[in-house]
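What follows is a single structure, written as structure tokens, with notes after it.
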Protein chains: 2
Amino acid sequence: MMELTRKGEYAIRGIIYLAQLPPGKVALISEIAEAAEVPQTFLAKILQSFAKIGIVKSFRGAGGGFTLGRSAEQITLREVVEAVEGPILPNRCLLGAGSCERDGTCGVHPVWREVQGKVVEVLDGVTIKELATRTK
Amino acid sequence: MMELTRKGEYAIRGIIYLAQLPPGKVALISEIAEAAEVPQTFLAKILQSFAKIGIVKSFRGAGGGFTLGRSAEQITLREVVEAVEGPILPNRCLLGAGSCERDGTCGVHPVWREVQGKVVEVLDGVTIKELATRTK
DNA sequence: TATAAAAGGACTAAAACGGTCCTAAAGGTG
DNA sequence: CACCTTTAGGACCGTTTTAGTCCTTTTATA
């Protein structure tokens with residue numbers, strides 16, 4: 001249970017590759033995909049969605065490509081994972097207030113909240129910078 | 001991300017119901033399903049699989065039904081969840097040794113291991129007994 | 001023997017996953 | 001301006017997982 005999808009895996013690999021580049025360098029999607037060993041068109045979708053929320057910047061046309069949207073130490077693993085997989089949410093109950101009618105009566109509720117808290121804490125504590133320097 | 005499936009949700013509800021019964025009482029699947037508000041045939045499958053691994057005991061024929069396989073304080077939430085959803089595994093990497101060729105080079109690996117550890121710790125720390133007394 | 005359960009197996013609709021492909025738009029270059 | 005390069009967007013698609021249902025068989029009781 002709780003498995004990261006390929007999409008998430010690919011997203012992380014791609015972003016780490018970008019973080020390992022000399023600052024300011026623009027990388028082609030083809031280059032990133034090859035280096036990260038990820039299907040190119042699939043990665044393109046992922047990075048396009050990242051561009052929308054500012055995690056990466058994209059440039060079209062000749063000389064275009066992708067860069068990180070911020071410095072690597074300002075991007076957390078949590079951000080990347082949530083951007084692609086949605087919020088860390090071990091149970092639907094935890095969504096909005098009232099999203100679970102059993103809310104008051106269900107004793108499992110606080111357990112899921114704790115799990116959520118721990119996972120968020122770990123993923124928030126890791127930056128892409130750290131991952132980039134540790135990897136490879 | 002990391003969402004429990006309905007199957008997992010139903011399994012927990014069903015087992016909590018059993019834990020709330022007077023010790024030794026045998027409950028019909030129809031009774032459990034109704035009380036836990038779970039589709040009966042679906043819950044039947046779940047409890048049947050639990051019977052195989054001893055989390056519950058089942059009895060056929062008239063007067064039959066289900067009971068807990070052990071006392072509620074000896075069943076952890078982790079056990080129930082893993083029985084139904086498989087092992088807590090935030091990333092495939094963590095499976096067997098060598099299941100991930102990037103093993104040595106990938107800096108994300110230890111993060112997933114930490115996530116796994118925290119989640120397991122929380123779920124292992126909660127017994128069905130606790131949930132049963134807290135619920136309702 | 002009839003009846004009351006659970007057990008097992010086959011089946012299914014719908015959603016999510018893991019992509020591909022094609023066209024359009026935007027930005028450089030001669 | 002025309003052409004080329006590169007990302008953006010949308011449609012599509014096969015496979016797997018989810019979330020069940022239904023029918024038959026086995027086991028136990030009365």
Side-chain angles (χ1 to χ4, degrees), chain A residues 1-15 18 25-34 36-69 81 83-87 89 91-92, chain B residues 1-15 17-18 25-34 36-69 81 83-87 89-92:
Chain A
M1 110 172 270
M2 323 194 79
E3 276 189 45
L4 196 69
T5 62
R6 311 228 167 218
K7 201 165 147 193
E9 174 77 23
Y10 296 163
I12 295 169
R13 285 201 222 155
I15 210 96
L18 285 180
K25 166 141 205 238
V26 177
L28 293 180
I29 186 68
S30 54
E31 173 193 341
I32 308 170
E34 195 186 10
E37 297 177 89
V38 162
Q40 178 174 330
T41 58
F42 198 20
L43 183 62
K45 297 291 182 196
I46 297 169
L47 291 189
Q48 281 157 24
S49 75
F50 281 5
K52 278 193 199 147
I53 57 175
I55 296 181
V56 306
K57 264 185 251 177
S58 66
F59 306 93
R60 284 150 97 138
F66 294 88
T67 334
L68 289 187
V81 168
V84 106
E85 308 266 12
L89 203 77
N91 195 318
R92 296 167 175 84
Chain B
M1 121 175 256
M2 324 194 79
E3 277 189 43
L4 196 70
T5 63
R6 307 220 174 226
K7 198 164 150 195
E9 174 76 23
Y10 296 163
I12 295 169
R13 285 200 223 157
I15 210 97
Y17 177 79
L18 284 181
K25 161 132 209 245
V26 177
L28 292 181
I29 185 68
S30 54
E31 173 193 342
I32 308 171
E34 195 185 10
E37 296 176 272
V38 161
Q40 177 174 329
T41 57
F42 198 20
L43 182 62
K45 296 292 181 194
I46 298 169
L47 291 189
Q48 280 158 23
S49 74
F50 281 6
K52 277 193 200 147
I53 57 176
I55 296 181
V56 305
K57 265 185 249 175
S58 67
F59 306 92
R60 283 147 97 134
F66 295 88
T67 334
L68 289 187
V81 168
V84 105
E85 310 265 11
L89 204 76
N91 194 320
R92 297 166 175 85

All heavy atoms of A:Ala11 vs all of A:Ile46, minimum pair found to be CB-CG2, 3.7 Å
- Using a 4.5 Å cut-off on heavy atoms from C-beta on, say whether the side chain of A:Thr67 contacts that of A:Leu18. no
Hits for side chain to side chain contact (heavy atoms under 4.5 Å, CB included) against B:Ser30, two or more places apart or cross-chain, chain-then-number order -> B:Leu28, B:Gln40
Applying side chain to side chain contact (heavy atoms under 4.5 Å, CB included) to A:Gln48 and not counting sequence neighbours gives A:Ala44, A:Lys45
Sorted by number, residues from residues 46-58 of chain B placing a heavy atom under 4.0 Å from DNA chain C are B:Gln48, B:Lys52, B:Ser58
Shortest non-hydrogen pair, B:Ala83 vs B:Ile55, comes out as CB-CD1, 4.0 Å
For A:Phe42, the ring pair (Phe, Tyr, Trp, His ring centres under 6.0 Å) test, sequence neighbours excluded, returns A:Tyr10
Given protein heavy atoms under 4.0 Å, the one-letter contact record of nucleotides 10-25 of chain C, with B base, S sugar-phosphate only and - none, is simply -------SSBB----B
Sequence neighbours excluded, the answer for side chain to side chain donor-acceptor pair (under 3.5 Å) partners of B:Glu85 is B:Thr5
Taken in chain and number order and not counting sequence neighbours, the residues that satisfy side chain to side chain contact (heavy atoms under 4.5 Å, CB included) with B:Lys25 are B:Leu21, B:Pro22, B:Glu31
Here the pair of heavy atoms bringing B:Leu89 nearest to A:Glu3 is O-CG, 3.0 Å
Bounded by its outermost nucleotides with an atom under 4.0 Å from a heavy atom of chain A, the footprint on DNA chain D reads D:dT5 to D:dA19
Taking every heavy atom of A:Met1 against every heavy atom of B:Leu4, the minimum-distance pair comes out as CE-CD1, 3.7 Å
